[in-house]
There are 2 protein chains.
Amino acid sequence: MARPSAVAQRRREILEATCEVVAERGFRDLRIADVAKVAGYSTGTVHYYFDSKEDLLKDAFRFQYDQSLGRRDGHFEEDDDPVARLRKLADGYLPISAAAVRSWRVWLEFWVSAVGDRSLGEVNEVYYGDWRQTVIETTKAGIDLGLIAVGDPVAFADAFVGMLDGLAIQVLIGSKHMTVERMQATCNAFIDSVAIR
Amino acid sequence: MARPSAVAQRRREILEATCEVVAERGFRDLRIADVAKVAGYSTGTVHYYFDSKEDLLKDAFRFQYDQSLGRRDGHFEEDDDPVARLRKLADGYLPISAAAVRSWRVWLEFWVSAVGDRSLGEVNEVYYGDWRQTVIETTKAGIDLGLIAVGDPVAFADAFVGMLDGLAIQVLIGSKHMTVERMQATCNAFIDSVAIR
DNA sequence: AACATTTCTGACTATAGCGTCAATTAAGGT
DNA sequence: ACCTTAATTGACGCTATAGTCAGAAATGTT
């Protein structure tokens, strides 16, 4: 071996740049040339590490999901009760920080591309299922502790995650009706309506 | 005048075809050639009625919105009470019929394109604002009649429309967790939680 | 029929961008 | 110092497609 492999590092750099460009220009408008520019390499280098644009995009989604997972779990405190955890989950997903906005944009692009693309749908199944499960379990824990009053925790969790997604879209579009503040208020009102105080 | 104008009719045909193609291929992957083929004309004809691809897409969104407005209002009965109306609104938006699925796909594509495109955002502002207002007013009517118990009708309406959007996305992707049936059940559970029986 | 006007066509131009590749540079190893 | 392999470059080939345009066809009017 003549040199130590820089493959893992380079791939990370390029995936990072790809997420940046997806958030800015979208999935389908993404140009390899933009990714190369942001990463600080030539287009040839991007193709050296990724066979095709499609490969690059799929890997970029996985990369970005793993990153936001880390952000999410970092928000919890050991002694948060389930209601506090629901609030933190909602807060953590507000498209308020640059990183959160970027994540949302990448997700949105991903979802739209996943409509009618079976293989992307399977990636969503795993990652979205995981997130949904977190909310379901937090809700159940709240019920067990007598802090949350809902008939069906799964229906509540589905409504909750669905609401977050729908509201985030309008925030991202820049709707005057749905600002980040209104989204937060709406989420809190939603949690308040089932929290036993 | 040498001939009666066929402009309105042709534009409708072409917009219809455009929605078809957007639902199939997406906003950005749409090719004028595909629209022409579906409409049964040449690419030149599409350009004869629409100056640019962007114009075509904007008009197509408006067209499809007006169509689904018609579908929505057709669902109401004169004597429906507000709670029944909310249920019908949710039912009418379930991505179950081919027409509803197509509408949702067009919306999704449009929203994603509107992220970071100010002029598309303004179109959304008008149409989405109208839809949101319908839900707000229906909720207020329910409160006035003592049929709905919510603290803040606007927060409730925002949560409701947001939930619909978020759930629909997962249904469209084909998630095993979120089928049309589950979406309907989730919506009904949500309405039940505020309906005074 | 002759004409005017609208509608329609499809070839053509121009441009954009993916992926290839031959050449170059960087960085060990011996 | 020299060799070997990895990494990188950027020009280029190729394909796709938006939009133009000159003319042809259709459809009325007189």
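Reminder, nothing fancy here: chain letters follow the sequence lines and each chain counts from 1.
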Whole-Å gap separating [atom2] ([N]) and [atom1] ([X]):
{"X": "A:Asp34", "N": "C:dC18", "atom1": "CG", "atom2": "C1'", "result": "13 Å"}
{"X": "A:Leu56", "N": "C:dG19", "atom1": "CG", "atom2": "P", "result": "10 Å"}
{"X": "A:Gln9", "N": "D:dT8", "atom1": "CD", "atom2": "P", "result": "10 Å"}
{"X": "A:Leu57", "N": "C:dC18", "atom1": "CG", "atom2": "C1'", "result": "12 Å"}
{"X": "A:Asp55", "N": "C:dG19", "atom1": "CG", "atom2": "P", "result": "9 Å"}
{"X": "A:Lys37", "N": "D:dG10", "atom1": "NZ", "atom2": "P", "result": "13 Å"}
{"X": "B:Tyr41", "N": "C:dT6", "atom1": "OH", "atom2": "P", "result": "18 Å"}
{"X": "A:Tyr49", "N": "C:dC18", "atom1": "OH", "atom2": "P", "result": "19 Å"}

Please table the atom pairs, donor to acceptor, closer than 3.5 Å between any side-chain atom in residues 190-197 of chain A and protein atoms at least two apart or in another chain.
| unit_1 | atom_1 | unit_2 | atom_2 | d |
| --- | --- | --- | --- | --- |
| A:Asp192 | OD1 | A:Arg87 | NH1 | 3.3 |
| A:Asp192 | OD1 | A:Arg87 | NH2 | 2.9 |
| A:Ser193 | OG | A:Phe190 | O | 2.7 |

Of D:dG10, D:dA7, C:dT7, the nucleotide closest to the side chain of A:Ser42 is D:dG10
The nucleotide from D:dT8, D:dA7, C:dT6 with an atom nearest the side chain of A:Ala6 is D:dA7
Taking only N and O in the side chain of [X], is any of them less than 4.0 Å away from OP1 or OP2 of [N]?
{"X": "B:Arg10", "N": "C:dC8", "answer": "yes"}
{"X": "B:Thr45", "N": "C:dT7", "answer": "no"}
{"X": "B:Tyr48", "N": "C:dC8", "answer": "no"}

For A:Ile136, the hydrophobic cluster (side chain heavy atoms closer than 4.5 Å, chained through members) also holds A:Val154
Exactly one candidate in B:Arg182, B:Met183, B:Gln184 meets side-chain contact (heavy atoms from CB on, under 4.5 Å) with B:Leu167; the answer is B:Met183
Find every protein N or O atom lying less than 3.5 Å from an N or O atom of nucleotides 18-21 of chain D, and list the pairs.
| unit_1 | atom_1 | unit_2 | atom_2 | d |
| --- | --- | --- | --- | --- |
| D:dA18 | OP1 | B:Leu30 | O | 3.2 |
| D:dA18 | OP1 | B:Lys53 | NZ | 3.2 |
| D:dA18 | OP2 | B:Ile32 | N | 2.8 |
| D:dG19 | OP2 | B:Lys53 | N | 2.8 |

| message | With ring pair (Phe, Tyr, Trp, His ring centres under 6.0 Å) as the criterion, how do B:Trp131 and B:Tyr93 come out once you've worked through the C-alpha distance, each side chain's angles and the decisive distance to 0.1 Å? | response | CA-CA 11 Å; B:Trp131 151 237; B:Tyr93 279 82; 4.5 Å; yes
Hey, mind stepping through B:Glu16 and B:Arg102 against salt bridge (charged side-chain N to carboxylate O under 4.0 Å, His left out) and telling me if it holds? CA-CA 11 Å; B:Glu16 178 67 40; B:Arg102 204 191 71 172; 2.8 Å; yes
Between A:Arg31 and A:Asp34, does the salt bridge (charged side-chain N to carboxylate O under 4.0 Å, His left out) criterion hold? Intermediate values first, please. CA-CA 5 Å; A:Arg31 290 174 298 209; A:Asp34 289 334; 2.9 Å; yes
*So B:Trp107 and B:Trp104, would you call those rings parallel, tilted or perpendicular, with 30° and 60° as cut-offs?*
perpendicular
